[in-house]
Amino acid sequence: MKKDAGFADVINLILAIWLFLSPWIVGFAGLMPAAWTAWLTAIAIAIFAIAALSAFAEWEEWINLILGVWLLVSPWVVGVAAMHGAMLTLFLTGIAVAVLAALELWMLHRTPPRLTAT
């Protein structure tokens, strides 16, 4: 199915850039588990956002949903939940990526409302 606009994918690309730069901006570049999580996940999000902008495929949105959920839980998985800046950055960026992917998937699979005669 062809997608009309790549608005969510452009936002995902911006979020990926933010996520990649966030260890330096927020100040957790020295906290290697959080920094590497941010860098590697940002690269993955950027790759799939660029791929979706060039040719949309549903599986790209599923991957972004998985990456968003990963970012949501990663502070606890990699053990940086106590580091407030890193935790908030990963968690909130994960929410944004997951919500965008979920909305894209919902818009792809929703059925248009039926017209009823009144």
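Worth knowing before you read on, the calculation uses all heavy atoms, side chains too, and leaves out hydrogens, waters and symmetry mates.
By the side chain to side chain contact (heavy atoms under 4.5 Å, CB included) test, Ala96 is found to be paired with Leu15, residues two or more places apart in sequence or in another chain being considered. In terms of the ring pair (Phe, Tyr, Trp, His ring centres under 6.0 Å) criterion, Trp18 has no residue partners (sequence neighbours excluded). Taking the side chain to side chain contact (heavy atoms under 4.5 Å, CB included) definition, one finds that Ile50 meets it with Leu13, sequence neighbours left out. Checked against side chain to side chain contact (heavy atoms under 4.5 Å, CB included), Ala98 has the following partners two or more places apart in sequence or in another chain: Leu65. Partners of Ile14 by side chain to side chain contact (heavy atoms under 4.5 Å, CB included), not counting sequence neighbours, listed by chain and number: Val10. With sequence neighbours excluded, no residue forms a ring pair (Phe, Tyr, Trp, His ring centres under 6.0 Å) with Phe28. A search for side-chain hydrogen bond (donor to acceptor under 3.5 Å, both in side chains) contacts involving Trp24 returns nothing, not counting sequence neighbours.
Counting only residues at least two apart or in different chains, side-chain hydrogen bond (donor to acceptor under 3.5 Å, both in side chains) contacts with residues 42-56 are absent. Listed by first then second residue, pairs satisfying side-chain hydrogen bond (donor to acceptor under 3.5 Å, both in side chains) with a partner in residues 62-76 read Thr41-Trp70, Glu58-Trp62, not counting sequence neighbours.
Val97 and Ile66 are members of different hydrophobic clusters when ILVMFWY side chains are connected at heavy-atom separations under 4.5 Å. Ile95 and Leu105 end up in different hydrophobic clusters when Ile, Leu, Val, Met, Phe, Trp and Tyr side chains are linked at under 4.5 Å.
Rounding to the nearest 0.5 angstrom, the gap separating the CG atom in Asn12 from the CD1 atom in Ile47 is 13.5 Å. Summarising the geometry, atom CD1 belonging to Ile17 is positioned 11.5 Å from atom CD1 belonging to Ile45; distances are rounded to the nearest 0.5 Å. The CZ atom of Phe7 sits 12.0 Å away from the CG atom of Leu53 when rounded to the nearest 0.5 Å.
Closest of all the heavy-atom pairs between Ala52 and Glu60 is CA-OE1, 3.0 Å.
Taking a 4.5 Å side-chain heavy-atom cut-off between Ile, Leu, Val, Met, Phe, Trp and Tyr, the cluster of Val69 contains only that residue.
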Can you list, pair by pair, the side-chain donor-acceptor contacts under 3.5 Å of residues 29-38, counting residues two or more places apart and other chains?
unit_1 : atom_1 : unit_2 : atom_2 : d
Thr37  : OG1    : Pro33  : O      : 2.7

Throw together a table of side-chain donor-acceptor distances under 3.5 angstrom for residues 81-92, partners on residues two or more places apart or in other chains.
unit_1 : atom_1 : unit_2 : atom_2 : d
Thr89  : OG1    : Gly85  : O      : 2.8

